[in-house]
Q: 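Before I ask anything, let me first share the structure, which is written out below as structure tokens.
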Amino acid sequence: MKKMILVAAAVLAVVGGGVAVAQSDVIAQRQASFKRMGEHMTAMKAVADARGAGAQFAGNIDEMLHVFQSVPSRFPAGSATGGNTKALPTIWSDAAGFASAANDTVTKLQALRTAATTGDGAAFQAAWQAVGPTCGACHRTYRAR
Ligand code: HEC
């Protein structure tokens, strides 16, 4: 009997530890994804500034679309704390607003994706410039400084 209780306690400890690890993985993974989003934006900046056509970024933009379409799922319940997350509680208290902010970025990225296929440098520049403010808008409300 005593042995069974010990086994049960060990199983619970493993499961509990597993949950903690999983949440910090979720946080580390979303931070890595966001970091990559920033790198993609920076890489495009030089070309946008020079009014280049941006066709070479089609793949990067597709990757960004994939990330921002899945933003809410990267913030599961329970990942508000842990690691060095800067996620604010408003993400969960205002889930609709958070999803809408992600959707604004998706909309601008879709326009950027289209601009990148037209070969029109001015259109690429304007579309690139329209993406950044949507990043900042979400960060202001949902990310700690
Ligand atoms: C819907 C909200 C939202 C949008 C839109 C958004 N972000 Fe973020 N971003 C966050 C949150 C929340 C964090 C903090 C995540 C954490 O620490 O767990 C973050 C973190 C980051 C980080 C820091 C990552 C790290 O190393 O910890 C970078 C860089 C970043 N975002 C870039 C961007 C860029 C570039 C865009 C636009 C193309 C963007 N974000 C759009 C919510 C958003």
Side-chain angles (χ1 to χ4, degrees), residues 6-145:
L6 281 177
V7 168
V11 168
L12 278 178
V14 168
V15 170
V19 168
V21 168
Q23 293 300 6
S24 60
D25 277 0
V26 164
I27 291 167
Q29 275 167 19
R30 74 184 174 217
Q31 288 176 335
S33 293
F34 277 124
K35 189 162 179 265
R36 229 173 121 71
M37 300 301 95
E39 286 162 5
H40 285 345
M41 285 299 283
T42 302
M44 284 189 273
K45 183 184 189 311
V47 173
D49 284 351
R51 295 204 177 186
Q56 68 271 40
F57 295 116
N60 284 5
I61 300 166
D62 283 343
E63 188 193 323
M64 291 181 78
L65 278 166
H66 173 76
V67 166
F68 286 103
Q69 277 161 345
S70 62
V71 157
S73 72
R74 291 167 192 269
F75 292 85
S79 68
T81 55
N84 58 348
T85 186
K86 291 192 168 178
L88 287 176
T90 43
I91 290 172
W92 293 273
S93 64
D94 178 23
F98 184 65
S100 166
N103 198 49
D104 285 347
T105 302
V106 168
T107 302
K108 301 299 185 195
L109 284 170
Q110 281 165 341
L112 182 65
R113 182 69 177 78
T114 303
T117 60
T118 61
D120 177 344
F124 183 74
Q125 182 186 50
W128 180 85
Q129 286 171 345
V131 176
T134 69
C135 312
C138 185
H139 292 162
R140 269 194 298 282
T141 310
Y142 301 100
R143 186 182 74 167
R145 279 160 210 284

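A quick note: this is a predicted structure, and the numbers were derived from the prediction, not measured. Below, all heavy atoms of this structure are taken into account, side chains as well, without hydrogens, waters or symmetry copies.
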Q: How close do Leu109 and Leu65 get, counting heavy atoms only, and between which atoms?
A: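 For Leu109 versus Leu65, the nearest heavy atoms are CB-CD2, 3.7 Å.
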Q: Would you call Val47 and Gln56 a side-chain contact if the rule is heavy atoms closer than 4.5 Å?
A: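 Val47 vs Gln56: side chains touch.
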Q: Taking all non-hydrogen atoms of both residues into account, name the closest pair between Ala53 and Gly119 and its distance.
A: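 Looks like CB-CA, 3.7 Å.
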Q: Kindly indicate, with the supporting measurements, whether the criterion side chain to side chain contact (heavy atoms under 4.5 Å, CB included) is fulfilled by Met44 and Val131.
A: CA-CA 11 Å; Met44 284 189 273; Val131 176; over 6 Å; no
Q: Would a distance-only check, ignoring hydrogens and angles, find a side-chain to backbone donor-acceptor pair under 3.5 Å from Thr85 to Gly82?
A: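 A pair under 3.5 Å: no.
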Q: Between Ser33 and Val67, what is the shortest heavy-atom contact and its length?
A: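 Looking at all heavy atoms of both residues, the closest pair is CB-CG1, 4.4 Å.
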Q: Looking at Pro76 and Arg30, what are the two nearest heavy atoms and their distance?
A: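 The pair with the smallest heavy-atom distance is CD-NH1, 4.5 Å.
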Q: Return the OG1 to CZ distance between Thr118 and Phe124, rounded to the nearest 0.5 Å.
A: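 Going from the OG1 atom of Thr118 to the CZ atom of Phe124 covers 9.5 Å.
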Q: Suppose the criterion is ring pair (Phe, Tyr, Trp, His ring centres under 6.0 Å): which pairs have a residue in residues 34-90, not counting sequence neighbours?
A: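 Residue pairs with at least one partner in residues 34-90: Phe75-Phe98.
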Q: Report the distance from atom CG of Asp94 to atom CG of Leu88, rounding to the nearest 0.5 Å.
A: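 So the gap between those two atoms works out to 11.5 Å.
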Q: Find out whether Arg140 and Arg145 are in side-chain contact, i.e. whether some heavy atom of one side chain is under 4.5 Å from a heavy atom of the other.
A: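 SC-SC contact between Arg140 and Arg145 confirmed.
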Q: I'd like to know whether His139 forms a side chain to side chain contact (heavy atoms under 4.5 Å, CB included) with Lys86, so could you lay out the CA-CA distance, the side-chain angles of the two residues, the decisive distance to 0.1 Å, and finally the verdict.
A: CA-CA 10 Å; His139 292 162; Lys86 291 192 168 178; over 6 Å; no
Q: Let me confirm one number: the CE-OG1 distance from Met37 to Thr42, rounded to the nearest 0.5 Å.
A: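 Answer for the CE-OG1 pair, Met37 versus Thr42, is 11.5 Å.
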Q: Can you tell me if Ser100 uses its side chain to pair, donor with acceptor, with the backbone of Ala96 under 3.5 Å?
A: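 Absent.
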Q: With rounding to the nearest 0.5 angstrom, report the CD1 to CD distance, Ile61 to Gln110.
A: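 One gets 11.5 Å once the value is rounded to the nearest 0.5 Å.
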Q: Can you name the nearest heavy-atom pair linking Thr105 to Thr134, along with the distance?
A: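 Taking every non-hydrogen atom into account, OG1-OG1, 3.0 Å.
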Q: Tell me if a side-chain donor or acceptor on Thr90 pairs with a main-chain N or O of Thr141 at a distance below 3.5 Å.
A: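 Indeed, once roles are kept as given, a pair shorter than 3.5 Å links the two residues.
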Q: Supply the atom-to-atom distance Cys135 SG to Met64 CE, rounded to the nearest 0.5 angstrom.
A: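 Answer rounded to 0.5 Å: 6.0 Å.
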Q: Partners of Arg36 by salt bridge (Lys or Arg N to Asp or Glu O under 4.0 Å), sequence neighbours excluded?
A: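 So Arg36 forms a salt bridge (Lys or Arg N to Asp or Glu O under 4.0 Å) with Glu63.
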Q: Tell me, please, which residues at least two apart from Arg74 pass salt bridge (Lys or Arg N to Asp or Glu O under 4.0 Å).
A: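 With neighbours one apart ignored, the set is empty.
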Q: To the closest 0.5 Å, what do you measure between CG (Asn60) and CZ (Arg113)?
A: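 Asn60 CG to Arg113 CZ: 10.5 Å, rounded to 0.5 Å.
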